[in-house]
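See below for the structure under consideration.
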Amino acid sequence: GESVGLHLPTLSVQEGDNSIINCAYSNSASDYFIWYKQESGKGPQFIIDIRSNMDKRQGQRVTVLLNKTVKHLSLQIAATQPGDSAVYFCAENIGTNAGKSTFGDGTTLTVKP
Amino acid sequence: DVKVTQSSRYLVKRTGEKVFLECVQDMDHENMFWYRQDPGLGLRLIYFSYDVKMKEKGDIPEGYSVSREKKERFSLILESASTNQTSMYLCASTTEGQGFSGYTFGSGTRLTVV
């Protein structure tokens with residue numbers, strides 16, 4: 001069977017390495033997904049989103065992968081930098097209903113210099 | 001450039017006090033939300049509002065109320081603060097319909113009830 005990444009509450013990487021943060025979502029009807037970054041002492045900020053008609057979307061140094069078969073999202077950060085240290089969490093939503101997103105538990109990324 | 005403003009970054013209140021947390025957004029968003037964030041529990045929705053004078057309960061509304069008298073302002077009220085309401089409170093806003101592209105969050109208010 002296909003292997004998917006486990007969600008880890010913490011992740012520590014060396015500066016310059018690539019980071020992969022995983023998220024399992026719960027609702028098979030969800031069709032819009034967002035990754036947020038929350039730095040210490042700040043509110044969460046939008047990083048990248050993806051709709052269910054796509055399986056990959058790239059931004060600047062970040063890539064989101066969506067596997068609808070196993071209800072799994074991943075966020076890949078290329079050439080991780082100290083400024084990437086933060087809590088990252090995914091959110092799932094159904095359509096354009098802005099009523100309530102469901103947020104994942106979050107992964108704390110620490111980048112070692 | 002700040003779009004969602006929470007009036008206080010840190011608050012310390014006594015048990016039994018009535019506490020007001022204020023949130024203002026300048027993006028003309030229809031929807032506003034109050035979440036609390038606790039270690040190991042993630043973000044939990046307290047209340048949200050789709051329009052002025054309109055409110056709906058989220059997942060954990062007990063002990064809280066809200067007020068939305070103007071489109072840009074959404075207040076969270078702790079009627080009688082208790083120590084288990086010590087938490088980080090996050091306000092967020094979004095647009096509605098086809099324009100929805102995630103939440104804009106405030107910087108949070110860290111409330112300590114002693």
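Below, read A as the first sequence line, B as the second, and so on, with proteins coming before strands; counting in each chain starts at 1.
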With clusters defined by side-chain heavy atoms of hydrophobic residues (ILVMFWY) lying less than 4.5 Å apart, directly or transitively, does [Y] cluster with [X]?
X     : Y     : answer
A:V64 : A:I34 : no
A:Y32 : A:I48 : no
A:V87 : B:Y89 : no
B:W34 : B:Y64 : yes
B:L21 : B:F48 : no

Give the intermediate values and the outcome of side chain to side chain contact (heavy atoms under 4.5 Å, CB included) for residues B:L45 and A:F103. CA-CA 10 Å; B:L45 180 64; A:F103 294 89; over 6 Å; no

Decide if atom [atom1] of [X] counts as having more than 12 heavy atoms of other residues, nucleotides or ligands within a radius under 6.0 Å.
X     : atom1 : answer
A:Q45 : CD    : no
A:K68 : NZ    : yes
A:Q14 : CD    : yes

For B:E69, the side chain to side chain donor-acceptor pair (under 3.5 Å) test, sequence neighbours excluded, returns B:K53

Check side chain to side chain donor-acceptor pair (under 3.5 Å) between B:T83 and all other residues, then give those that pass, not counting sequence neighbours. none

Part of B:R44 lying under 4.5 Å from any heavy atom of chain A: neither

Name the region of B:E56, side chain, backbone, both or neither, that has any atom closer than 4.5 Å to a heavy atom of chain A. neither

Validation row: A:Q38, B:L43 side chains within 4.5 angstrom (heavy atoms): no

If the contact rule is any heavy atom under 4.5 Å from chain A, which residues of residues 73-81 of chain B qualify, in numerical order? none

Mind checking which of residues 104-114 of chain B sit less than 4.5 Å from chain A, heavy atom to heavy atom? B:F105, B:G106, B:S107

Might you point out which heavy atoms bring A:P44 and B:L90 nearest each other, and give the distance in Å? CD-CD1, 3.9 Å

Assert top hit (heavy-atom pairs under 4.5 Å, partner chain A, pool B:M88, B:Q37, B:E30) equals B:Q37

Determine the option with the most heavy-atom pairs under 4.5 angstrom with chain B, choosing from A:G106, A:A91, A:G41. A:G41

Tell me if the centroids of the rings in B:Y103 and A:F46 come within less than 6.0 Å of each other. no

